[in-house]
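Some notes on the structure that comes next.
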Protein chains: 2
Amino acid sequence: MLKLTKKADYGLMALKYLAEHPETTALSAKEVADAYGIPAQLLAKILQLLTKNGLLRSHAGMNGGYALARDAREISAYEVIHAIDGPFFITSCTKGAKSCELTPSCTIKEPLARVNDTIAGVLKSISIHDLAEFEQPVGRAREANRLVSLTL
Amino acid sequence: MLKLTKKADYGLMALKYLAEHPETTALSAKEVADAYGIPAQLLAKILQLLTKNGLLRSHAGMNGGYALARDAREISAYEVIHAIDGPFFITSCTKGAKSCELTPSCTIKEPLARVNDTIAGVLKSISIHDLAEFEQPVGRAREANRLVSLTL
DNA sequence: TGAAATCCCGACAGAAATGGTCGTATACTG
DNA sequence: CAGTATACGACCATTTCTGTCGGGATTTCA
Ligand code: FES
Ligand code: FES
């Protein structure tokens with residue numbers, strides 16, 4: 001039904017949180033989980049995934065934890081979702097290597113692939129920094145306006 | 001993981017099929033299901049949903065079946081998905097009347113709502129006619145290029 | 001009028017995805 | 001070494017999705 005999984009949601013929240021605390025060198029999974037009241041162990045696994053995909057850098061031991069691997073501007077929502085939920089395709093049949101048996105008959109896959117690309121483009125154009133900056137306490141909400149093109 | 005349900009997929013296929021057969025007055029659920037090799041009873045239920053939501057018109061009895069309620073140009077992919085899967089929100093918590101308990105802490109909901117609107121806009125800009133016309137046997141593939149704006 | 005075709009609809013069972021927990025191993029700090 | 005924290009795999013509970021069944025209502029047609 002076209003919605004983010006909770007894991008992806010948690011992941012985005014966590015990254016945003018990290019982006020908002022650049023002063024600290026690293027934050028533990030537990031700290032972040034507590035900040036939002038989400039299951040610590042689950043978040044831990046999510047952060048591990050993000051680490052494995054190069055979005056975060058981890059450090060074990062005391063005062064260890066996670067930190068963004070790059071500038072918040074360089075991490076897109078797309079990457080986060082992709083890292084957590086794997087490649088997504090709007091069509092139920094993945095179109096990848098092994099398409100579903102209906103492939104020949106299903107004539108809807110191709111045009112929807114374009115839609116898929118468009119959505120991916122939207123997600124790619126959003127960075128963690130965008131999310132973090134969204135609600136400036138007083139700072140002028142300088143809205144960014146992007147144009148995404150859909151070629152059908 | 002941001003993908004259409006099979007039901008929505010089936011629904012789009014069926015509508016496309018109906019759009020491609022305007023000469024016939026109506027096609028039965030079984031005919032359409034057989035054309036694509038999808039479970040007839042399941043498709044029947046989907047078509048019933050679409051009928052209830054005003055996208056199709058049904059007619060019982062011999063030579064009965066379903067037909068588009070409007071011109072294929074006037075039926076958007078968004079409507080189809082919405083009719084079948086209900087309202088979708090990219091955020092896991094529906095943001096509607098009763099948000100989830102995390103609402104105060106989850107600061108990511110708002111910006112993602114914009115993304116949600118953008119995606120909805122993309123889907124709204126695609127009509128069944130667009131899908132049906134996609135693969136013209138020889139007809140020049142006149143590509144439509146749309147711009148969707150995302151204000152963050 | 002009766003049979004056949006077809007839509008209508010609610011209930012339900014099986015399958016799959018998702019959310020979340022646990023236990024243990026490993027790495028770092030001091 | 002003791003404590004803190006990540007890494008990772010196994011596992012279960014819950015929800016969502018897919019598909020089936022059965023009975024009922026409408027329309028057509030002979
Ligand atoms: S349903 Fe498999 S190719 Fe579209
Ligand atoms: S997780 Fe519920 S408001 Fe975002």
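The figures here come from the full heavy-atom set of this structure, side chains too, leaving out hydrogens, waters and symmetry mates. Labels below follow one simple rule: chain letters A, B, ... track the order of the sequence lines, proteins then strands, and each chain is numbered from 1. Source: prediction; values computed, not measured.
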* **Candidate pair Leu12(B) and Leu4(B), rule side-chain contact (heavy atoms from CB on, under 4.5 Å), full reasoning** => CA-CA 10 Å; Leu12(B) 287 170; Leu4(B) 255 51; 3.8 Å; yes
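Atom CD in Gln41(B) sits roughly 9 Å away from atom C1' in dG22(D) (whole-Å rounding). Across the protein-nucleic acid pair, Met62(B) atom CE and dT28(D) atom P stand 11 Å apart, rounded to whole Å. In this structure, CG of Asp85(B) is placed 7 Å from P of dC17(D), rounded to the nearest angstrom. Rounded to an integer number of Å, the gap from Leu47(B) CG to dC7(C) P is 8 Å. One can place CG of Leu43(B) at 14 Å from C1' of dC8(C), the figure rounded to the nearest angstrom. Note: CD1 (Ile46(A)) to P (dA7(D)) measures 14 Å, nearest angstrom. Nucleotide dA17(C) holds its C1' atom 16 Å from the CD1 atom of Ile84(A), rounded to whole Å. dA7(D) atom C1' lies 5 Å from atom CD of Gln48(A), rounded to whole Å.
With dT18(D), dA7(D), dG20(C) as the choices, the nucleotide that has an atom nearest any side-chain atom of Tyr66(A) turns out to be dA7(D). Side-chain proximity of Leu42(A) to dG20(C), dC7(C), dT18(D): nearest is dG20(C).
Between Ala60(B) and His59(A), the one whose closest nucleotide on DNA chain C sits nearer the 5' end is Ala60(B). Residue Glu31(A) is the one, among Glu31(A) and Ala40(B), whose nearest nucleotide of DNA chain D lies closer to the 5' end (criterion: closest heavy atom). Between Asn63(A) and Thr51(B), the residue anchored closer to the 5' end of DNA chain C is Thr51(B), taking for each the nucleotide with the nearest heavy atom.
Note on Lys30(A): nothing from the nucleic acid sits closer than 4.0 angstrom, heavy atoms only. Nucleic acid contact for Ala29(A): sugar-phosphate only, since backbone atoms but no base atoms lie under 4.0 Å from a heavy atom of the residue.
Using modelled atom types, one side-chain atom of Ser76(A) and one backbone atom of Glu79(A) make a donor-acceptor pair closer than 3.5 Å. The backbone N or O of Ala8(B) lies less than 3.5 Å from a partner atom in the side chain of Thr5(B), making a donor-acceptor pair.
Between Ser58(A) and the phosphate of dA7(D), there is a side-chain N or O to OP1/OP2 separation shorter than 4.0 Å. Contact annotation: Tyr10(A) side-chain N/O to dT18(C) OP1/OP2 distance is not under 4.0 Å.
Scanning both residues, Ala33(A) and Leu43(A), for their nearest heavy atoms gives N-CD2, 3.5 Å. Closest approach of Ala26(A) to Gly64(A), counting heavy atoms only: CB-O, 3.9 Å. The minimum heavy-atom distance between Ile75(B) and Leu55(B), with the atom names listed, is CD1-O, 3.8 Å.
Using a 4.5 Å cut-off on side-chain heavy atoms (C-beta onward), Glu20(B) and Lys16(B) make contact.
The base of dT20(D) sits within donor-acceptor range of the side chain of Lys45(B), with an N or O pair under 3.5 Å.
Between the axis at the start and the axis at the end of the helix from dT1(C)-dA30(D) to dG30(C)-dC1(D) there is an angle of 20°, using five pairs per end and rounding to 10 degrees.
By the neighbour-count criterion of 12 heavy atoms within 6.0 Å, atom CZ of Arg57(B) is sparsely surrounded, having that number or fewer from other residues, nucleotides or ligands.
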